[in-house]
J.: 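Below you will find the structure I want to go over with you.
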Amino acid sequence: MRVQSSATNASRIAVATEREQPGLGTLQAALGVIAFSLTFPATAWGLEGFGPWSLVAVRSVLAAVIAGGALLALRVPLPARRHWPGLAVVAAGVVLGFPLLTTLALETSTTAHAAVVVGLLPLTTALLSALRVGARPSRTFWAASLVGAAAVLAFTVQQSGGALSTADVYLFAALLVCAAGYTEGGRLARVMPGWHVIGWALVLCLPLTAAVAVFALAQEPVRLTAHSVAGLLWVAAGSQFLGLVVWYRGMAAIGIPKASQLQLAQPLLTLVWSVLLLGEHLPVAAPLTAVAVLVCIAVTQRARG
């Protein structure tokens with residue numbers, strides 16, 4: 001009982017420390033965005049050697065092993081029963097839904113196109129957080145968010161010719177489930193350290209993802225290459241665990257709406273990685289979108305919520 005109480009008090013102190021350092025929180029959220037910006041290129045690499053179901057399941061299993069090992073080594077107690085429903089939402093949205101839907105989309109979509117569609121995630125997250133946790137950002141915040149989202153949407157429409165594909169349907173569904181996972185994760189990160197949130201969500205999914213991994217690996221051909229292995233390792237350790245650790249810590253410190261707006265820069269970073277790592281063509285409209293998005297980020301970070 002004393003160990004449990006001590007661990008709980010330590011968690012509360014850690015959470016309080018995170019929330020008292022907004023500058024550090026912004027940096028942590030930004031590091032999360034950088035990690036996430038590499039997800040689509042890394043997924044494209046992973047798909048060179050794995051099927052979509054195998055890639056998603058194996059990445060989740062590897063991330064769960066890393067997270068579970070850290071939780072076990074540090075003797076982190078089980079979360080309170082009241083937190084498990086929230087962790088289930090995080091698991092469904094961030095651990096399972098978003099990776100699967102975006103991986104399926106990337107079978108037929110370029111990473112550049114996927115990146116700009118998912119650029120609507122900040123606004124989706126801000127809307128869900130307003131509904132779920134009662135966030136009430138200022139009018140300036142909402143105006144800048146809408147302008148940023150409009151810039152991303154205009155870029156998407158211009159690149160796709162206005163036609164929605166099956167990949168776009170997957171991507172828009174991914175927006176909703178990921179925003180729900182981010183919102184619930186940000187709420188939980190106010191009462192427990194951010195890495196505990198994603199760690200327990202990954203462990204919660206382990207029985208399912210392990211079973212799917214065994215089945216998928218038996219059904220889908222595997223061809224190990226330097227790219228496929230590197231892509232798998234990044235999406236497992238970088239995107240699925242470490243990136244989410246700093247991301248949730250950042251959200252706990254500066255709030256869900258403001259942290260989510262930093263993700264307006266994510267599609268543009270992904271465009272850069274797509275050119276450098278995959279050799280994709282950089283759209284001419286990207287620099288104009290970059291300027292609009294960066295201005296919106298500056299405004300939202302200064303607006304009081």
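Note that these values count all heavy atoms, side chains included, but never hydrogens, waters or copies made by symmetry. Along the sequence shown, residues carry numbers from 1.
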J.: Measure the shortest side-chain to side-chain distance between V89 and L87 over non-hydrogen atoms and say whether it is less than 4.5 angstrom.
T.: no

J.: Contact between H196 and L188 at the side-chain level, heavy atoms closer than 4.5 Å - yes or no?
T.: no

J.: Counting C-beta onward and ignoring hydrogens, is there a side-chain heavy-atom pair between F98 and V118 closer than 4.5 Å?
T.: yes

J.: Run the side-chain contact (heavy atoms from CB on, under 4.5 Å) test on T103 and Y170 for me, step by step, so that the C-alpha distance in whole Å, both residues' side-chain angles and the decisive distance to 0.1 Å come before the verdict.
T.: CA-CA 9 Å; T103 299; Y170 283 138; over 6 Å; no

J.: Yes or no on side-chain contact (heavy atoms from CB on, under 4.5 Å) for V235 and Q240, after CA distance, side-chain angles and deciding distance?
T.: CA-CA 6 Å; V235 293; Q240 193 83 69; over 6 Å; no

J.: Taking the side chain as C-beta and beyond, is there a heavy-atom pair between T183 and R187 under 4.5 Å?
T.: no

J.: Between the main-chain N or O of E280 and the side-chain N or O of S274, is there a donor-acceptor pair closer than 3.5 Å?
T.: no

J.: Given W247 and V33, is the side-chain contact (heavy atoms from CB on, under 4.5 Å) satisfied, shown in steps?
T.: CA-CA 7 Å; W247 174 243; V33 170; 3.9 Å; yes

J.: Under 4.5 Å between side-chain heavy atoms, counting indirect links through other Ile/Leu/Val/Met/Phe/Trp/Tyr residues: same cluster for V76 and L244 or not?
T.: yes

J.: Test L171 against L101 for side-chain contact (heavy atoms from CB on, under 4.5 Å), laying out the working first.
T.: CA-CA 6 Å; L171 291 169; L101 291 167; over 6 Å; no

J.: Tell me, please, which residues at least two apart from H227 pass ring-ring contact (aromatic ring centres under 6.0 Å, His included).
T.: W45

J.: Quick one: list whatever passes ring-ring contact (aromatic ring centres under 6.0 Å, His included) with F40, sequence neighbours left out.
T.: none

J.: For the residue pair T209 and S60, confirm or rule out a side-chain donor-acceptor distance under 3.5 Å.
T.: no

J.: Please give me the minimum heavy-atom distance between A174 and T102, naming the atom from each residue.
T.: CB-CG2, 3.8 Å

J.: Are L262 and V147 joined in one hydrophobic group, where the rule is that I, L, V, M, F, W and Y side chains link up if heavy atoms are under 4.5 Å apart?
T.: no

J.: Looking only at non-hydrogen atoms, find the nearest pair between V94 and C178 and report the distance.
T.: CG2-O, 4.4 Å

J.: Does E107 reach the main-chain N or O of P52 with its side chain, forming a donor-acceptor pair under 3.5 Å?
T.: no

J.: Cluster question for you: counting only ILVMFWY and a side-chain heavy-atom cut-off of under 4.5 Å, with indirect links fine, are L96 and L176 together?
T.: no

J.: I'd like to know if the side chain of R223 reaches the main chain of E48, judged simply by a donor and an acceptor atom lying under 3.5 Å from each other, with no hydrogens or angles considered.
T.: yes

J.: Would you check if there is a donor-acceptor pair between the side chains of Q266 and S37 at a distance under 3.5 Å?
T.: no

J.: So, do T270 and P41 sit near enough that their side-chain heavy atoms are less than 4.5 Å apart?
T.: yes

J.: Could you tell me which non-hydrogen atom of A180 sits nearest to which non-hydrogen atom of L128, and how far apart they are?
T.: N-CD1, 3.5 Å

J.: Which value, rounded to the nearest 0.5 Å, describes the distance between I254 atom CD1 and T26 atom OG1?
T.: 4.0 Å

J.: For the residue pair F241 and A67, what are the closest heavy atoms and their distance?
T.: CE1-CB, 3.5 Å

J.: Check whether V56 and V65 end up in the same hydrophobic cluster, where Ile, Leu, Val, Met, Phe, Trp and Tyr are linked by side-chain heavy atoms less than 4.5 Å apart.
T.: no

J.: Are the side chains of E220 and W53 in touch, meaning some heavy atoms are under 4.5 Å apart?
T.: yes

J.: Which word best sums up how the rings of Y182 and F36 line up, parallel for under 30°, tilted for 30 to 60°, or perpendicular for over 60°?
T.: parallel

J.: Is T111 close to L277 at the side-chain level, that is, under 4.5 Å between some pair of heavy atoms?
T.: no

J.: Nearest heavy-atom pair of P79 and W200: which atoms, and what distance?
T.: CG-CD1, 3.4 Å

J.: Under a 4.5 Å side-chain heavy-atom rule over Ile, Leu, Val, Met, Phe, Trp and Tyr, are V214 and L232 clustered together?
T.: no

J.: With a 4.5 Å limit on heavy-atom distance, are the side chains of W84 and L204 in contact?
T.: yes

